[in-house]
Amino acid sequence: MENKLSFYNTLTRKVEQFIPNEDGRVSMYTCGPTVYHYAHIGNLRSYIVEDLLEKTLRYLGYHVKRVMNITDVGHLSSDADTGEDKMLKGAKREHKTVLEIAKFYTDAFFKDCQKLNIKKPDVVEPATNCISEFIHMIEVLIEKGYAYESGGNIYFDTAKLEEYYVFSSQSEKELLVGVRDDVEADENKKNKSDFVLWFTKSKFEDQELKWESPWGVGYPGWHIECSCISMKHLGESMDIHCGGVDNIFPHHTNEIAQSEAYIGHKWCNYWFHVNHLNDKSGKMSKSNGEFLTVSLLEAKGYDPRAYRLFCLQSHYRKPLEFSYEALDNIAAAYDKLIKKVGMLKNEGEICQSDFDSYKAKFEAALCDDLNSAMAITVLYDMLKDELSDCTKYALAKSFDEVLSLDLTTAYATREADNGVDEEFESYILTKIEERKAAKKEKDFAKADAIRNELLEKGILLEDTREGVKWRKA
RNA sequence: GGCGACUUAGCCAAGUGGUAAGGCGUGGGACUGCAACUCCCUGAUCGUCGGUUCAAAUCCGUCAGUCGCCUCCA
């Protein structure tokens, strides 16, 4: 098939035409969440954009197989032996077991994804499911001379590689690892850039999850899981590996090191990275500033899909700054947009040439390094154009396969779900009738009084062209 | 200290050599008993200073500001 899509490949530092290994088929891997806490909306920006990439590929006609891991073990807050395990930290915080924590936050993650219309990947695999695969890969790495034992742990020997810093233009001499003050050196490492494949000696003895291994009872390092899980489901070559920009180093760098050392050839051709969501003070994180979750946005009255639109109207490679002012902006835009689409009458015959022409424009925007902002402009242009309602409706529905904003259904769903009980609803309807009568009598004082009375009870009346409508204020 | 990114109207944001998309908001208008909704109209010469070019937001350099990475992070 025709390969029209181009996007930025971190490996070559260029926007490149995407050509999969196998014509028409795409294997795609996403670094999933570490399930020790709720995801914040910054984490979710990556998953929204990766969802956009996956859906764009499908829209263009590719068959996509997408795999995501769930990190439920081995993710330390530092790669040295001193860091605390994130999962354990979460378990202590909530007085639960690590497995309970993992299950709870995995479920929470996918609930958030669902609210943001992020499709669940075809394969979702927790790290703890694949311990035997990890052990096998480490054994092979030791056998091939890429890994060594030191101080009870197994390390990857980065000095054995011709090129380790594959994503960086800096020379290795320039890149002084560990220059940051808060990084503690691990004395067991031969080289500063070496990383742990398997822990048996840990400074925290109460690690809950441990497994037998040829090197003693212990647990895997963080990086090994993505290499193993991707190969388990996608084989020894894959097309696209995704993640947030912060994964470029060390996580993805280490994945490439161990994977290509293991298989002995090029592993993944395209590396797709999403930039961060920031707030005024910088990168959003769980420990810095307000902990913004999907549920928090909902509690404040925002539709999660408005946040999706917020992400889509910016470019994935640009930092995006979050503010409530910006979110208010986009929430208003989203409400107007779904109303506009929701009012279209889906009747009559679609004009195929109009349909094809706008669909081509929409695809062209996405194929140009996933320019979703431009794709949304195509949507607005299309809605403003002199097309038949049903053609517009069909186009909106088609675009929504990628945008996933529930364009054609959200308005009707909101109208139907007014969130009040039957008794209150019949009361409202009675009042509306009373007001209608008052208006007919030109008794506007009474009509306004009724409207105000309902407003005090949290109900807003509007005289639209389609008749009187009411909603929660 | 090293490396990198970004800087476009009140806000978000597209645009990668030919004289600034789109959205939200604002203001004005139509409609409406009023309000809301809806519709129409409405705004910037692109951080600074230089350079290249017939032509630059777009290329090069400079300065400034913001942010990121350099073994926790999506």
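We name chains A, B, ... by the order of the sequence lines, and we start the count at 1 in each one. These numbers come from the heavy atoms of this one structure, side chains and all, not from hydrogens, waters or symmetry mates. Since the model is a prediction, treat every value here as computed from it, not as a measurement.
- Between A:Tyr36 and A:Ile376, the residue whose closest nucleotide on RNA chain B is further toward the 5' end is A:Ile376.
- Nucleic acid contact for A:Tyr380: sugar-phosphate only, since backbone atoms but no base atoms lie under 4.0 Å from a heavy atom of the residue.
- Taking atom C1' in both B:rC41 and B:rA5, one finds a spacing of 39 Å when rounded to whole Å.
- With hydrogens and angles left out, the side-chain atoms of A:Asn254 and A:Tyr164 include a donor and acceptor closer than 3.5 Å.
- On a pure distance criterion of 3.5 Å, a polar donor-acceptor pair joins the side chain of A:Asp448 and the base of B:rG33.
- Here B:rG23 is the nucleotide among B:rC34, B:rG33, B:rG23 with the atom lying nearest to any side-chain atom of A:Ala333.
- Summarising the base pairing, B:rA20 is matched to no nucleotide, lacking a Watson-Crick or G-U wobble pair whose two defining distances lie under 3.5 Å.
- Using P as the reference atom, B:rA9 and B:rC49 are 15 Å apart when rounded to the nearest Å.
- For the C1' atoms, the distance from B:rG10 to B:rA44 is 12 Å, rounded to whole Å.
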Using nucleotides 14-18 of chain B, report all nitrogen or oxygen pairs with the protein that are shorter than 3.5 Å.
| from | atom 1 | to | atom 2 | distance (Å) |
| --- | --- | --- | --- | --- |
| B:rA14 | OP1 | A:His315 | N | 3.2 |
| B:rA14 | OP2 | A:Lys318 | NZ | 2.8 |
| B:rA14 | O3' | A:Asn371 | ND2 | 3.1 |
| B:rG15 | OP1 | A:Asn371 | ND2 | 2.8 |

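- Under the Watson-Crick and G-U wobble criteria, each requiring two contacts below 3.5 Å, nucleotide B:rU38 is paired to B:rA30.
- At whole-Å resolution of the value, CG in A:Asp381 and C1' in B:rG22 are 7 Å apart.
- Among the atoms of the strands shown, base atoms are found under 4.0 Å from some heavy atom of A:Leu277.
- Residues A:Tyr155 and A:Asn191 have side chains that never bring a donor and an acceptor to within less than 3.5 angstrom of each other.
- Distance, A:Asn275 CG to B:rA5 P: 12 Å, rounded to whole Å.
- When the C1' atom is used for both B:rG43 and B:rG22, the distance is 14 Å, rounded to whole Å.
- When all heavy atoms of A:Asp369 and A:Phe7 are compared, the pair lying nearest together is OD1-CA, 3.2 Å.
- In the set B:rC72, B:rC34, B:rA74, the nucleotide with an atom closest to the side chain of A:Asp246 is B:rA74.
- Put simply, CZ on A:Arg435 is 11 Å from C1' on B:rU32, counting in whole angstrom units.
- A:Gly42 comes within contact range of at least one nucleobase, with a heavy-atom separation under 4.0 Å.
- Comparing the C1' positions of B:rU42 and B:rG27 gives a spacing of 7 Å, expressed to the nearest Å.
- A close approach under 4.0 Å does not occur between any side-chain nitrogen or oxygen of A:Asn329 and OP1 or OP2 of B:rC12.
- Taking for each of A:Phe310 and A:Lys340 the nucleotide of RNA chain B with the nearest heavy atom, the 5'-most of the two is the partner of A:Phe310.
- With 3.5 Å as the limit, one finds no donor-acceptor pair spanning the side chains of A:Ser6 and A:Glu16.
- The pairing partner recorded for B:rC63 is B:rG47, the criterion being a Watson-Crick or G-U wobble arrangement whose two distances lie under 3.5 angstrom.
- Taking side-chain N and O atoms only, A:Lys336 has a distance below 4.0 Å to OP1 or OP2 of B:rC24.
- When each of A:Lys436, A:Lys439, A:Lys469 is paired with A:Asp463, the salt bridge (charged side-chain N to carboxylate O under 4.0 Å, His left out) condition holds for A:Lys439 and for no other.
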Output, in order, the C-alpha distance, side-chain angles, deciding distance and verdict of side chain to side chain contact (heavy atoms under 4.5 Å, CB included) for A:Phe104 and A:Phe109. CA-CA 9 Å; A:Phe104 181 83; A:Phe109 174 73; over 6 Å; no

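- A donor-acceptor contact under 3.5 angstrom links the side chains of A:Asp406 and A:Asn117, judged on distance only.
- Across all strands shown, the partner of B:rG68 is B:rC3, judged by Watson-Crick or G-U wobble contacts whose two distances both fall under 3.5 Å.
- Rounded to a whole Å, the CG atom of A:Leu309 is 13 Å from the P atom of B:rA13.
- A:Lys384 comes within 4.0 angstrom of sugar-phosphate atoms only, judged by non-hydrogen atoms across all strands, and of no base.
- A cation-pi contact, defined as under 6.0 Å to the ring centre and within 45° of the axis, links A:Lys359 to A:Tyr59.
- Using cut-offs of 30° and 60° on the angle between ring planes, the pair A:His251 and A:Trp222 is parallel.
- Atom C1' of B:rG17 sits at a distance of 6 Å from the matching atom of B:rA56, rounded to the whole Å.
- Rounded to an integer number of Å, the gap from A:Asn43 CG to B:rC72 P is 16 Å.
- Comparing the C1' positions of B:rC60 and B:rU16 gives an interatomic distance of 14 Å, to the nearest angstrom.
- Using a 4.0 Å heavy-atom cutoff across all strands shown, A:His273 reaches no nucleic acid atom at all.
- Residue A:Lys339 is classed as a sugar-phosphate contact, given heavy-atom separations below 4.0 Å to backbone atoms only.
- Pairing partner, B:rG25: none, since no Watson-Crick or wobble contact has both distances short of 3.5 Å.
- A gap of 32 Å separates the C1' atoms of B:rA13 and B:rG2, to the nearest Å.
- One interatomic measurement links the two molecules: CZ of A:Phe167 to P of B:rG2, which rounds to 25 Å at whole-angstrom precision.
- Comparing atom distances between the A:Ala447 side chain and each of B:rG33, B:rC37, B:rA21 picks out B:rG33 as nearest.
- OP1 or OP2 of B:rA21 has not a single side-chain nitrogen or oxygen of A:Lys361 nearer than 4.0 Å.
- The NE2-C1' distance, from A:His252 to B:rC70, rounds to 17 Å in whole Å.
- Counting only N and O atoms by type, the side chains of A:Tyr358 and A:Asp385 include a donor and acceptor under 3.5 Å apart.
- Taking atom CZ on A:Phe249 and atom P on B:rC72, their separation rounds to 10 Å, with Å as the unit.
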